[in-house]
Amino acid sequence: MGNVLTIRGGVPLNGKVSVRGAKNLVPKAMVASLLGNTPSVLRNVPEIKDVEVVTSLLRLHGVEVTKDPVTGDLTMDPSAAKMAQSKDIDAHAGDSRIPILFCGPLMHSIGEAFIPDLGGCKIGDRPIDYHLQVLRNFGAVVDKRPGGISISAPKGLHGAKLSLPYPSVGATEQVLLTAIRAEGITELSGAAVEPEIMDLIAVLQKMGAIITVQTDRVIRIEGVRELTGYNHKAISDRNETASWASAALVTQGDIYVEGARQLDLTAFLNTYRKVGGAFDVDDDGIRFYHPGGPLKPLVLETDVHPGFMTDWQQPLVVALTQASGVSIVHETVYENRFGFTEALIRMGANIQVHRECLGSVPCRFGQRNFLHSAVISGPTQLRGADIDIPDLRGGFSHLIAALAAEGTSRVTGIELINRGYERFQDKLEGLGADFDITEEAPVFAAGLL
Ligand code: EPU
């Protein structure tokens, strides 16, 4: 049983929000603490579900995690790291995808790892074949068991020449976290180079790693025997920033995002400007606002960095329902990331999804059965509806659609939003949104009363 958010739409969001450390960096930097021989300190840590999950997993593995009550900084001491029970790992992993990144650090610190079957947002199949392949290349023995995989390195881990078929963020992180203490040199081609990966590399360099990022997605890692702890301030969450930016556009509002970093958002800011949004950058953040007048339609393709990130797509699609004309969005990172449009259509949006690649570059999902291109015609007046949130970014998009809609929406499944948006209800309140939260009434099956 969860909470229900009742949103009365039509109120522009105005004010300021603060964005802290990136959901797609912080949990990984926490995992990296396992590799050090002294405690690590991570600053700018947001209060989100994924951080709670990794905290529990680290504690299960004997890492002492303490949180500063004032700043929220985390201190992680791995000196008593130990093997955890697979059933406990399973119980604490929640629906996070982070456990897969424990493989390398656990093999280095305690010689073996058990990784439960993974969760994460339901936005595609989300396989882990690249992860398992690179681990095998490092010399690990991967054993599929019921409920997860067991992995060990009886002969130790050694550097390898690796190539990813697609620049996967997670698989690149897997390589980094495993190679830095493997014997010898690792060369990874086809690597992802997202800013969160560069920040993880900064963390690892502070710990004593030797990592070179070369041109053309090549990363070279020289293994070292020992690493120390780190002290690091996490990069700010550019996906949360982009979400609030779209919220400003959709609700015709004006939101200053404290902590937003222009350099990590170049592709987003270009698109925001093209669609008719306005922004002002200063040293502490970015102000995003609707400058008045109609929004413009556009043709857009999601891509790996430095392209337009897939995580920015869903909130922007809501803005495109308000643009005058036909927009086309081709999703090339995940095969199934348009499920959230079903609720938007019920709210009055005019969106068709297609199996064809409607973009300049055919992607991995073309000519297959994936609805991965969307055609959005606008502007359309959105109306309030009952919505059950499907995933993190799709869910945030539903929230901002409801905030802009005429009438009242009843939103369930909001706990999913806590996975990646820190205190989003407080932030919405601070921006003047008109909503309240009640506990969902229990549903009793007929005949059981
Ligand atoms: N892929 C494979 N095999 C693998 C790994 C990935 O085929 O072994 C495919 C995926 O199915 C997908 C593509 O490669 O089609 C890219 O996946 P990637 O590995 O890059 O994604 P990830 O590491 O699982 C992270 C973020 C996602 C973000 C993507 C892309 C975390 C915890 N998650 O996922 O964030 O969309 O990178 O940038 O860092 C979100 O924040 O809402 C979110 C989903």
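All values reported here derive from a predicted model rather than from experimental measurement. Remember, it's 1-based here, ligands and their atoms both numbered in the order they're listed.
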Quiz item: Does L204 reach the side chain of M207, with side-chain heavy atoms less than 4.5 Å apart?
Solution: yes
Quiz item: Between E196 and ligand 1, which part of the residue brings a heavy atom under 4.0 Å of the ligand: side chain, backbone, both or neither?
Solution: neither
Quiz item: Does the N or O separation between I98 and ligand 1 drop below 3.5 Å for any pair?
Solution: no
Practice problem: Can you sort out which atoms of ligand 1 are near G170, meaning under 4.0 Å from one of its heavy atoms? | Solution: 19 (O), 23 (O)
Exercise. Would you mind telling me if ligand 1 is within reach of the side chain of H305, the backbone, both or neither, using heavy atoms under 4.0 Å?
Key: neither
Practice problem: Provide the number and element of each atom of ligand 1 under 4.0 Å from a heavy atom of L392. | Solution: 42 (O)
Quiz prompt | Atom of L431, atom of G15 and distance for their closest heavy-atom approach | solution = CD2-C, 3.6 Å
Quiz item: Should R337 be counted as touching ligand 1, given the test is an N or O pair under 3.5 Å?
Solution: yes
Self-check item: Residues R419 and D50 bridged, charged N to O under 4.0 Å
Solution: yes
Self-check item: Test of proximity, E194 against ligand 1: N or O pairs below 3.5 Å
Solution: no
Exercise. Check each of R419, R364, K28, Q174 against atom 9 (C) of ligand 1 and report the one with the nearest heavy atom.
Key: R364
Quiz item: Do any nitrogen or oxygen atoms of A171 come within less than 3.5 Å of a nitrogen or oxygen of ligand 1?
Solution: no
Quiz item: Which ligand 1 atoms does M309 reach within 4.0 Å, using its non-hydrogen atoms?
Solution: 38 (O)
Exercise. Quick one: look at Y166 and ligand 1, take heavy-atom pairs under 4.0 Å, and tell me if it's side chain, backbone, both or neither.
Key: side chain
Quiz item: I255 and L13: which non-hydrogen atoms are nearest, and at how many Å?
Solution: CG1-O, 3.7 Å
Exercise. Using the six-membered ring wherever Trp is involved, compare the ring planes of F340 and H398 and label them parallel, tilted or perpendicular (cut-offs 30° and 60°).
Key: tilted
Practice problem: For H131, take its heavy atoms, then give the atoms of ligand 1 lying under 4.0 Å from any of them. | Solution: 8 (O)
Exercise. Identify, with sequence neighbours excluded, every residue that meets side chain to side chain contact (heavy atoms under 4.5 Å, CB included) alongside D388.
Key: T412
Practice problem: List for me each residue that meets ring pair (Phe, Tyr, Trp, His ring centres under 6.0 Å) alongside H372, sequence neighbours excluded, and say none if there are none. | Solution: H330, F365
Practice problem: Measure from atom 19 (O) of ligand 1 to every heavy atom in S168, P127, P165 and give the option owning the shortest one. | Solution: S168
Quiz item: Relative to ligand 1, is K23 under 4.0 angstrom through side chain, backbone, both or neither, heavy atoms considered?
Solution: side chain
Exercise. For the residue pair V218 and T212, establish whether any side-chain heavy-atom pair is separated by less than 4.5 Å.
Key: no
Quiz item: Is ligand 1 less than 4.0 angstrom away from at least one heavy atom of G420?
Solution: no
Quiz prompt | Of the listed options D311, L101, L164, V333, closest to atom 28 (C) of ligand 1 (non-hydrogen atoms) | solution = D311
Self-check item: Atoms in ligand 1 flagged as close to T310, the criterion being non-hydrogen separation under 4.0 Å
Solution: 36 (O)
Quiz item: Can you tell which of I210, T186, I180, I211 makes a side chain to side chain contact (heavy atoms under 4.5 Å, CB included) with E222?
Solution: I210
Quiz prompt | Within reach of ligand 1, part of R393 (heavy-atom separation under 4.0 Å) | solution = side chain
Quiz item: At under 4.0 Å between heavy atoms, which part of V169 makes contact with ligand 1: side chain, backbone, both or neither?
Solution: both
Practice problem: Answer yes if the ring centres of Y289 and F279 are under 6.0 angstrom apart, and no otherwise. | Solution: no
Quiz item: Is any side-chain heavy atom of M107 closer than 4.5 Å to a side-chain heavy atom of E112?
Solution: no
Quiz prompt | Partner of R20 by side chain to side chain contact (heavy atoms under 4.5 Å, CB included), out of E47, K233, R423, E240 | solution = E47
Quiz item: In ligand 1, which numbered atoms sit nearer than 4.0 Å to a non-hydrogen atom of R97?
Solution: 24 (O)
Quiz item: Taking the side chain as C-beta and beyond, is there a heavy-atom pair between I149 and F114 under 4.5 Å?
Solution: no
Quiz item: Is there a nitrogen or oxygen of E335 sitting under 3.5 Å from a nitrogen or oxygen of ligand 1?
Solution: no
